[in-house]
Amino acid sequence: MRVLEDDLFPSTPGKVKIERAGTMNRQLHRCFASTSTMFLWALFLVAMTASYLSFQSFVDTSSKYFAASWGGLHWERQIRASAAPRRPPGSADGAGMSVLVTGAAGFVGTHCSLALRKRGDGVVGVDNFNAYYDPSLKKARKALLSSHGVFVVEGDINDGRLLAKLFDVVPFTHVLHLAAQAGVRYAMENPASYVHSNIAGLVTLLEACKDADPQPAIVWASSSSVYGLNDKVPFSERDRTDQPASLYAATKKAGEEITHTYNHIYGLSITGLRFFTVYGPWGRPDMAYFSFTRNILQGKPITVYRGKDHVDLARDFTYIDDIVKGCLGSLDTAGKSTGTGGKKRGPAPYRIFNLGNTSPVTVPNLVSILEKHLRVKAKKNVVEMPGNGDVPFTHANISLAREQLGYKPTTNLDVGLKKFVKWYLSYYGYTRGSKNFRQ
Ligand SMILES: O=C(O)[C@H]1O[C@H](OP(=O)(O)OP(=O)(O)OC[C@H]2O[C@@H](n3ccc(=O)[nH]c3=O)[C@H](O)[C@@H]2O)[C@H](O)[C@@H](O)[C@H]1O
């Protein structure tokens, strides 16, 4: 029969000596006495920790509340000023637009906001400045925008109250929706962030747009990745997009379906743009051309993925200025939303365009061009492409965008990377010939 001692001690024979009953009782008594003291101490510690944590969360919540980065009369004045078009009266292309740009402190968002502002349109930005990549780069972009009179609200597209407030303050004519969780391979590390931004955030934004009066026309960033395993080249908007290779691609494809629903039910004017691997100055540090540059300059190795049967991977790399022209062309030709009070009054445009460069370049070629402009040799590790959502190649057919938007890319990868390298060296303070420039 099992006795108490058996339960109190481990079953491994020989490790603990089983004592006789009398000694055991005394031991147990002492043990319980010290256990109750320990229990009281533990209670005390738990109480202290709990009160510390609740104090911290109070400080946190109240500081968030008091430091809320939006709201108030001064804020509203800034929003109105930033949203006001400044085209000269009587200009050929009308009075100008008021555009809400989401993801304004992002790569494409910053360039588009600047271009809109420069030609006299009103722009208000929204960005949550998340830490997917170095937020100081996003802050620097915000400062650049601010110096050109573009106000960027620090807020999330999942914040329906903020969006409603913005539409309350300004009757935006257009929304350029670029806020998203980007990156193909990161989706395996943090899948929830893709659902949060690219699905939930998109729906919150569309709800705000459908409720707005007047409803804005929406132009938003889809992705070349929706073509997934499609192997018909070049990729045309009519090709199949039901075989995504990554969760990122799947959320962008879902975005195309979701925006279609809002177009169909509420009469929102929708234009989805399938961007093909956009690069250039002020770009995204998580992308290959950017991280390769950083590593090459720091003398660190780079990993170059290679496809099946040693075939090089290739991308239809597209320069940012060409993408900006495509975005502005889309805004200019968007056509109006037709709903009011959440009700559709007639059919509204629903469009999808490829914005690519039409000349794919292999990744090893990209590296050679970087080496040339940096004047530094890369230390390359060539490895088989891991099964992480990558596709072997992309190649855009841009006939539709050419016809309907006047889209005509003019910058090849060599010229574009030269401009990028120039920006990179200056932004990160490299001086050719100095110590920080390894050759
Ligand atoms: O068109 C899009 O819709 C997407 O474009 C971009 O994705 P991708 O085309 O995958 O760009 P990017 O990461 O620069 O990799 C480029 C190449 O380098 C290879 N690559 C990458 C990293 C590495 O360490 N080694 C490597 O060989 C890699 O295998 C690939 O062949 C955007 O990030 C994405 O947000 C989305 O907008």
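When a residue number appears, it is its place in the shown sequence, counting from 1. When a ligand or atom number is given, it counts from 1 through the structure's own listing order. No hydrogens, no waters, no symmetry mates; every other heavy atom, side chains included, goes into these values.
The part of Arg315 lying near ligand 1 is the side chain, judged by heavy-atom distances below 4.0 Å. Only the side chain of Asp390 comes within 4.0 Å of ligand 1, judged by heavy-atom distances. When heavy-atom distances to ligand 1 are checked against a 4.0 Å cut-off, Tyr248 comes that close only through its side chain, counted from C-beta outward.
In the vicinity of Thr277, heavy-atom distances shorter than 4.0 Å reach the ligand 1 atoms 1 (O), 2 (C), 5 (O), 9 (O), 11 (O). Interface atoms of ligand 1 facing Ser225, defined by a heavy-atom separation under 4.0 Å, are 3 (O). Near Phe276, the atoms of ligand 1 lying under 4.0 angstrom from a non-hydrogen atom of the residue are 1 (O). Atoms of ligand 1 lying under 4.0 Å from any heavy atom of Phe275, numbered from 1 in the order shown and given with element: 1 (O), 2 (C), 3 (O). Numbered from 1 in the order shown, with element, the atoms of ligand 1 that lie under 4.0 Å from a heavy atom of Val304 read 27 (O). Close contacts of ligand 1 with Leu313, meaning ligand atoms under 4.0 Å from a residue heavy atom, involve 29 (O), 31 (O). Listed by atom number, the atoms of ligand 1 under 4.0 Å from Gly183 heavy atoms are 35 (O).
Leu162 CG to Lys165 NZ: the interatomic distance, rounded to the nearest 0.5 Å, is 10.5 Å. Leu273 contributes atom CG, which lies 4.0 Å from atom OG of Ser330 (distance to the nearest 0.5 angstrom).
Contact between Ser197 and Gln181 at its shortest, heavy atoms only, is CB-N, 3.6 Å. Of all heavy-atom pairs between Leu206 and Leu268, the closest is O-CD1, 4.0 Å.
For a threshold of 3.5 Å applied to N or O pairs, the pair formed by Tyr305 and ligand 1 contains at least one separation below that value. For Asp286, no nitrogen or oxygen atom sits less than 3.5 Å from a nitrogen or oxygen atom of ligand 1, counting backbone and side chain alike.
Look at Phe292 and you'll find a heavy atom under 4.0 Å from some atom of ligand 1.
Remark: Lys138 qualifies as a cation-pi partner of Tyr133 under the 6.0 Å distance and 45° angle criteria applied to the six-membered ring.
Of the protein's non-hydrogen atoms, the one nearest atom 33 (O) of ligand 1 is Arg284 NH2, 2.9 Å. Val363 CG2, 3.8 Å is the protein heavy atom nearest to atom 17 (C) of ligand 1. The nearest heavy-atom contact from the protein to atom 25 (N) of ligand 1 is Thr303 O, 2.7 Å. Among protein heavy atoms, the minimum distance from atom 18 (O) of ligand 1 is reached at Ala288 CB, 3.5 Å. From the protein, the heavy atom lying nearest to atom 2 (C) of ligand 1 is Ser224 OG, 3.3 Å. At the top of the distance list for atom 4 (C) of ligand 1, counting protein heavy atoms only, stands Ser223 OG, 4.3 Å. Of all protein heavy atoms, the one lying nearest to atom 13 (O) of ligand 1 is Arg185 NH2, 2.3 Å. Closest to atom 7 (O) of ligand 1, if we only count protein heavy atoms, is Val184 CG2, 3.8 Å.
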Which is it for Lys253 and Glu257 under the salt bridge (Lys or Arg N to Asp or Glu O under 4.0 Å) test, yes or no, and what are the steps along the way?
CA-CA 7 Å; Lys253 177 61 191 167; Glu257 314 293 8; 3.3 Å; yes
One pair to check against side chain to side chain contact (heavy atoms under 4.5 Å, CB included): Lys379 and Lys300. What are the steps and the verdict?
CA-CA 7 Å; Lys379 294 175 185 154; Lys300 294 181 183 162; over 6 Å; no
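Each of Leu176, Leu331, Val123 was compared with Met97 under the side chain to side chain contact (heavy atoms under 4.5 Å, CB included) criterion, and only Leu331 meets it. Paired with Arg185 under the rule side-chain hydrogen bond (donor to acceptor under 3.5 Å, both in side chains), one option of Asn388, Asp390, Asp286 passes, and it is Asp390.
By the 30° and 60° cut-offs, the orientation of the rings of Phe290 relative to Phe420 is tilted.
For CZ of Arg161, the number of neighbouring non-hydrogen atoms (other residues, nucleotides, ligands) closer than 6.0 Å is 12 at most.
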